Chemist: 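The structure under discussion is supplied below as structure tokens; questions concerning it will follow.
In what follows, every heavy atom counts, from backbone to side chain, and hydrogens, waters and symmetry copies are set aside. Residue numbers begin at 1 in each chain, while the letters A, B, ... track the order of the sequences. These numbers come from a predicted model, not from an experiment.
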Protein chains: 2
Amino acid sequence: MIQRLIERLGRETVPINAALDRAMESLPSPVRPVARHILEAGGKRLRPFLTVLSARALDYRDEDIYVLGVSLEMLHAATLLHDDVLDNASLRRGRATAHTLMDVPTVILAGDALLAEANALVASFGDPRLTACFSEATSRTAAGEIQEMAARGRTDLAREAYDEIVRGKTAWLLRASCEMGGLRAGGDGDALDALALYGENLGMAFQYVDDALDLAPEDVTGKPTGGDLREGKLTHPLRLFRESLDDGRRKEFDRMFSGGGSSEEVLDMAAGIRDAGFDRMVRQEADAYLEKARRAVLRLPDGPDRDMLLLVTDHVRNRRN
Amino acid sequence: MIQRLIERLGRETVPINAALDRAMESLPSPVRPVARHILEAGGKRLRPFLTVLSARALDYRDEDIYVLGVSLEMLHAATLLHDDVLDNASLRRGRATAHTLMDVPTVILAGDALLAEANALVASFGDPRLTACFSEATSRTAAGEIQEMAARGRTDLAREAYDEIVRGKTAWLLRASCEMGGLRAGGDGDALDALALYGENLGMAFQYVDDALDLAPEDVTGKPTGGDLREGKLTHPLRLFRESLDDGRRKEFDRMFSGGGSSEEVLDMAAGIRDAGFDRMVRQEADAYLEKARRAVLRLPDGPDRDMLLLVTDHVRNRRN
């Protein structure tokens, strides 16, 4: 089953990447290397893939859906560039991040230019509903990142507040990816609602799995283990773990949470969280979101594209990076 | 004459600021103080003012023009926030810049959020031509800033290349401010063309005057003197001055141009450039652009709003900060 998804993704990636290459040519030449660095780092093109599948599931056959999908990948890349600068992250998908190779101002401006070009791409469709959906996704994503930044280092962050951060920084863009495909396909209210619900729940699950993977060994994910712990992000597994500790060990956690742990200590603590099963618990919560996503997608017309949207939920569940 | 402009600007600033305050409420709360800091630093609301005047000159009477105008002020503020971080500037309009008071990540994200909200505001008008115009302005402005960054420290920058930077980083946004007012007013092709030409030439002149003012004493402008010299931006007065130098003094210039001059040396050199009259020469070039702007605006219907657009050219010429 999942093999069919991988085949389809492989097939769709060709026109998606071709549309992306064309879009890159509109960028000012000094920032093109930065844009290429982030976009060629082996992203899975999940967002454009969702746009394409969502439109196809509503029987939209035009090739311009690849162009629309690319706008979402560009917005995603723009946020990654700014994020990596803000987090001062050194690795992304196992490769050095752009701002460690190029100067920070160029990376920030490359993010700005990617977002501007993405907006121009969406505008070129001449449909105010697409523009409204895309600009809301941009706002929500920025708001999520801002709330996350403001919450950093806070051990008293409520579970609900963290979920709102996740909804903004991750889920909304996946929601918009699906919704925009449906809008372009001329879907009716119920289909659009189903796609939005599917995308948002998929996105929540995506981030929950990400939070679990953050605790996995680096040789599995290609990313340093325990980044969230080091950076003071109170993800669900970290909150669950912290709540399980006695006062003494909680103090130790809080020291690492405020950036005070050595690499070895962070690795040890991440292993401890895994051993206690908190990453698995969070994966189970992700499953509940995925179930909601599946129920939403079943409201769409039966067919091979709908099947693919269902398979994407398995992919999100099982992904390792 | 100019007194009438000041009165009108004062009157229009009230609904512009009210619309701006409402737009601020949509921003995520952690970045609102940053947005307020940049927006309340005494900006003259030139861009929304142009949008309002352009629409009124085509007899558009609706109050929603203030909301549209505010989107341009927000885009402008977003670029200022990112610019000040990138330039590591310490003062803007005589006040400390945001990132010297608040952390850099919050300032960058505040810029992102302002831009996202501005996009959402424009999208709310449901007119694809407004969206296209706004997203092109965003792209052009980012491209101009990127080209400027790439050109920094280069003493071989051609005059034409610098003009392209100015057209992007400054003129295009003024052009879009006028054009969007005309679009909202339902102006015909010739009126839109006239407004675009007016705004673009006004913007070129605006930056030329800015480049001349950069050499003026700090007590006149509220900004440190010679910032462009220190930061390696080869503005027209700096290029003209450099070309006038013998080899020995040119070496001295290049040392300051690559950031090697003391504050006193930079002040002395700025005074030298003024004494040689290069700032006045650039103001004369600005006059030529303003004349083009006036000729364009005279193609619009006669009336008090068109007169105001004409008076704005005098304001740009005579401004001291």
Side-chain angles (χ1 to χ4, degrees), chain A residues 26-32 34 71 75 78-79 81-83 85-88 103-152 168, chain B residues 26-32 34 71 75 78-79 82-83 85-88 103-152 164 168:
Chain A
S26 302
L27 289 176
S29 53
V31 296
R32 261 182 246 163
V34 187
S71 69
L75 166 54
T79 65
L81 284 176
H82 284 189
D83 272 4
V85 172
L86 302 181
D87 288 353
N88 205 12
D103 61 309
V104 168
T106 304
V107 176
I108 293 175
L109 286 172
D112 290 352
L114 272 168
L115 183 57
E117 278 309 317
N119 267 312
L121 269 191
V122 177
S124 74
F125 282 81
D127 180 346
R129 294 177 313 164
L130 288 176
T131 308
C133 189
F134 189 77
S135 70
E136 173 148 30
T138 313
S139 291
R140 294 270 187 171
T141 306
E145 284 160 9
I146 288 161
Q147 305 288 4
E148 179 174 61
M149 180 77 60
R152 190 166 289 191
Chain B
S26 303
L27 291 175
S29 54
V31 298
R32 260 181 246 161
V34 188
S71 69
L75 166 54
T79 64
H82 284 190
D83 272 6
V85 171
L86 303 180
D87 287 355
N88 204 12
D103 61 309
V104 169
T106 304
V107 175
I108 292 174
L109 286 172
D112 290 353
L114 272 169
L115 184 56
E117 279 307 317
N119 268 311
L121 268 192
V122 177
S124 74
F125 282 82
D127 180 347
R129 294 177 314 163
L130 287 177
T131 308
C133 189
F134 189 76
S135 69
E136 172 148 31
T138 313
S139 292
R140 294 270 187 170
T141 305
E145 284 161 7
I146 288 160
Q147 305 287 3
E148 179 175 62
M149 181 77 61
R152 188 168 289 192
E164 277 319 294

Chemist: Is it the backbone or the side chain of B:Leu115 that comes under 4.5 Å from a heavy atom of chain A, or both, or neither?
Modeler: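 Contact with chain A is through the side chain of B:Leu115 alone.
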
Chemist: Using 0.5 Å steps for rounding, measure from the CG atom of A:Leu114 to the CG atom of A:Leu75.
Modeler: 9.5 Å

Chemist: What part of A:Ala143 lies closer than 4.5 angstrom to a heavy atom of chain B: side chain, backbone, both or neither?
Modeler: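 Both parts, heavy atoms under 4.5 Å.
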
Chemist: How far does OG of A:Ser71 sit from CG of A:Asn119, to the nearest 0.5 angstrom?
Modeler: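 Answer for the OG-CG pair, A:Ser71 versus A:Asn119, is 9.0 Å.
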
Chemist: I need the contact set between residues 131-138 of chain B and chain A: heavy-atom distance under 4.5 Å, sorted by residue number.
Modeler: B:Thr131, B:Ala132, B:Ser135, B:Thr138

Chemist: Taking A:Asp127, A:Leu109, A:Val31 one by one, which has the highest count of heavy-atom pairs under 4.5 Å against chain B?
Modeler: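 Option with the greatest count: A:Leu109.
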
Chemist: State, with a plain yes or no, whether a side-chain heavy atom of A:Val34 is found less than 4.5 Å away from one of A:Leu81.
Modeler: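 Yes. Closest side-chain heavy atoms under 4.5 Å.
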
Chemist: Kindly give the heavy-atom pair with the smallest separation between B:His82 and B:Gly111, and that separation in Å.
Modeler: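 Taking B:His82 first and B:Gly111 second, the nearest heavy atoms are NE2-CA, 3.7 Å.
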
Chemist: With side chains defined as the heavy atoms from C-beta onward, is the minimum distance between B:Gln147 and A:Pro28 less than 4.5 Å?
Modeler: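 In short, these two side chains touch, coming nearer than 4.5 Å.
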
Chemist: B:Ile108 versus chain A, heavy atoms under 4.5 Å apart: side chain, backbone, both or neither?
Modeler: side chain

Chemist: Is B:Ala120 in contact with chain A via its backbone, its side chain, both, or neither, using a 4.5 Å heavy-atom distance?
Modeler: both

Chemist: What's the spacing between B:Glu145 CD and B:Asp83 CG if we round to 0.5 Å?
Modeler: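 Atom-to-atom, B:Glu145:CD and B:Asp83:CG are 4.0 Å apart.
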
Chemist: Measure the spacing between CG of B:Leu27 and CD1 of A:Ile146 and express it to the nearest 0.5 Å.
Modeler: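 Between B:Leu27 CG and A:Ile146 CD1, I get 7.5 Å after rounding to 0.5 Å.
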
Chemist: When heavy-atom pairs shorter than 4.5 Å are enumerated against chain A, which of B:Ala142, B:Ser139, B:Ala78, B:Ser29 gives the highest number?
Modeler: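 Most pairs with chain A among the choices: B:Ser139.
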
